[in-house]
Q: 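Take a look at this one; I'll ask things after.
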Amino acid sequence: MMMKKWVSCLLSLALVLSGAVALAEGFAAGTYTGTAQGFGGDVTATVTLSETEITDIQVVGDQETDGLGSVAIEQLPPKMLEVQSPNVDAMSGATVTSNAIIEAVTAALSQAGVDASALVPKEAEDKALEEQTLEADVVVIGAGGAGMTAAITAHEAGKEVILLEKMPYAGGNTTKSTGGMNAAETSVQAELGIEDSVQTFIDDTMTGGKNVNDLALVTTMAENSAEAIDWLASIGAPLPEVSFSGGATNKRIHRPEGGAAVGPYLVEKLLAKIGEDEISLLYNTEATELIVEDGAVTGVKATGDGISYTINAKAVVLATGGFGANLEMCAEYNPDLAGFVTTNSPCATGDGIKMAEAAGAATVDMEQIQIHPTVYQATSLMVTESVRGGGAILVNASGERFIDEMETRDVVSAAEIAQEGGYAYLVFDQAQRDNLSAIDSYVSNGLTVQADTIEDLATQMGVDAANLQATVEAWNKAVAEQNDEAFGRTTGMDVDISVAPFYAIQIAPGIHHTMGGVKIDTTASVIGVDGEPIPGLFAAGEVTGGVHGANRIGGNAVADIIVFGRIAGQSAADYAGK
């Protein structure tokens, strides 16, 4: 009897260590289902077991974010099958969905009587990197909004393009953009009867950036913004609605129909165009070094999926994003930001800036790091500027307004930090929700509290009901009279807060955008420390500095990536054609 016990124990230990089963008897063969809450709704896993192994994992999560959560759903189950365990790393940028997948698979295994925590993942075999050399006219590093725009533009100019992306999905920080794209004197504004001018766009941007901005770059962005709106429409990505954004004199922020978040929308459309044009896109491929010969950039070294690449090219476009997810780097340039959360994609770690510096590039405005005033702290999710632009107000812990909500981001953020507790609430109503579909995700993801009366909403928020009622009444009077005596707000006052149910989101500032980066000129050529363009090297988007100065106006990041993405792609194509 004792010998049997020892044999049973040894068998159990061997099975656990192999990652094959959690019970000495083996699996109960069959198919089992588990469910968990994802980012947008339920995630369901169906797990099939033989007596000795996991033979199949199918995951469904139709409400998860396309291009992020959907990628986790596609990529995590095969990894789990490979290591015979649900205990795998979450995919960066899709943590909520990844954790839901892990929980759902764990729940399915539990239905089979399997303790998933005992399933030790099998170790992957170490393999030597295969060396591969590729050739292209133009290599674009980073498949965010700027990179995809540059790649499409270079391809349209007749060049062979390779696009590299270190993440398993495209989009970068563009996926985080929610508000829209600033542009002036556009065909859309004309159709809607909105008066605006390129010069006002320039003036607003320079004022918002404390005149630290490079005026030539700002002028280039503004002058090319209307054409960029038309270009987006031409590739199937129209932005037919226009609203206010903080720091803008006129309605200028263009957004998708229905007020959907602009970033995921543009990523979907740009990615579709990349596929349509059959542009080579390598995921999970990280650029590690720019190849420099005789002072000119002639290619890229990269690694990905077991391959070490040498990619020879006639021109390179850097579109690797900023460094807002590198909290140590942010604190290095601005110590006051230590301890802040970030809204950034996990890919925004400053890699491109460091590669460019190693190749002799100059940088500019590196200490200029923007914090966004409306960030849900528990998940670092940014609440779009369009909520305030649509008529929402900010109240403090006493239920009182304390700022013109449409001030620039730095001013609003500073005002919030000065309030008791360093936080505030966004307050809005059902009419505003109906006009901005982005709000639906805030509700479904649990960011909001809501009630049918302002008094009950105050209870949900934990603020003084009488104060909040008086605040909302005063605001509604200001909207009716178009006169905000308290704080002088003049924009985003088209509707009041009167249609139940009423909503509130508790927010505080978070690191949002790094205005500094690689120095470029108006042709998107990267400037060296000697003040001269580095031959063969171009850059666009948040990897660059100079456009936004000391404070970025909401809606200008999308204008930046599309306008300068197109310029960088065309300049790279022109250089490659010499």
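The structure displayed is predicted, hence computed values, not measured ones.
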Q: If you apply the rule side-chain hydrogen bond (donor to acceptor under 3.5 Å, both in side chains), what do you find for N556 with H548, and how did you get there?
A: CA-CA 8 Å; N556 274 4; H548 306 294; 4.7 Å; no

Q: Check this for me, if you would: do R433 and D440 make a salt bridge, where the nitrogen-to-carboxylate-oxygen distance has to be below 4.0 angstrom?
A: yes

Q: Are the side chains of M181 and L232 in contact, using a 4.5 Å heavy-atom criterion?
A: yes

Q: Could you tell me whether R489 and E407 have a side-chain N and a carboxylate O separated by less than 4.0 Å?
A: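 No, R489 and E407 are not salt-bridged.
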
Q: Below 4.0 angstrom, N of the basic side chain to O of the carboxylate: do D351 and K166 qualify?
A: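 Result for this pair is yes, salt bridge flagged.
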
Q: What residues form a side chain to side chain contact (heavy atoms under 4.5 Å, CB included) with V218, not counting sequence neighbours?
A: I202, T205, M206, N213

Q: If the threshold is 4.0 Å, N to carboxylate O, is there a salt bridge linking E357 and K354?
A: no

Q: Does E241 pair with R255 as a salt bridge, N-O distance under 4.0 Å?
A: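 Salt bridge: yes.
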
Q: Under a 4.0 Å threshold between the charged nitrogen and the carboxylate oxygen, would K519 count as salt-bridged to D365?
A: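 No, this pair does not count.
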
Q: So that I can tick it off, tell me whether K273 and D277 are bridged by a salt bridge, with the cut-off set at under 4.0 angstrom between side-chain N and carboxylate O.
A: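 Answer for the salt bridge query: yes.
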
Q: Salt bridge check: are K159 and D574 linked by an N-O gap of less than 4.0 Å?
A: no

Q: I need the full list of ring-ring contact (aromatic ring centres under 6.0 Å, His included) pairs touching residues 318-376, with sequence neighbours left out, sorted by first then second residue.
A: F323-Y333, H372-H512

Q: Determine, for D410 against K210, whether the closest basic-nitrogen to carboxylate-oxygen distance falls under 4.0 angstrom.
A: yes

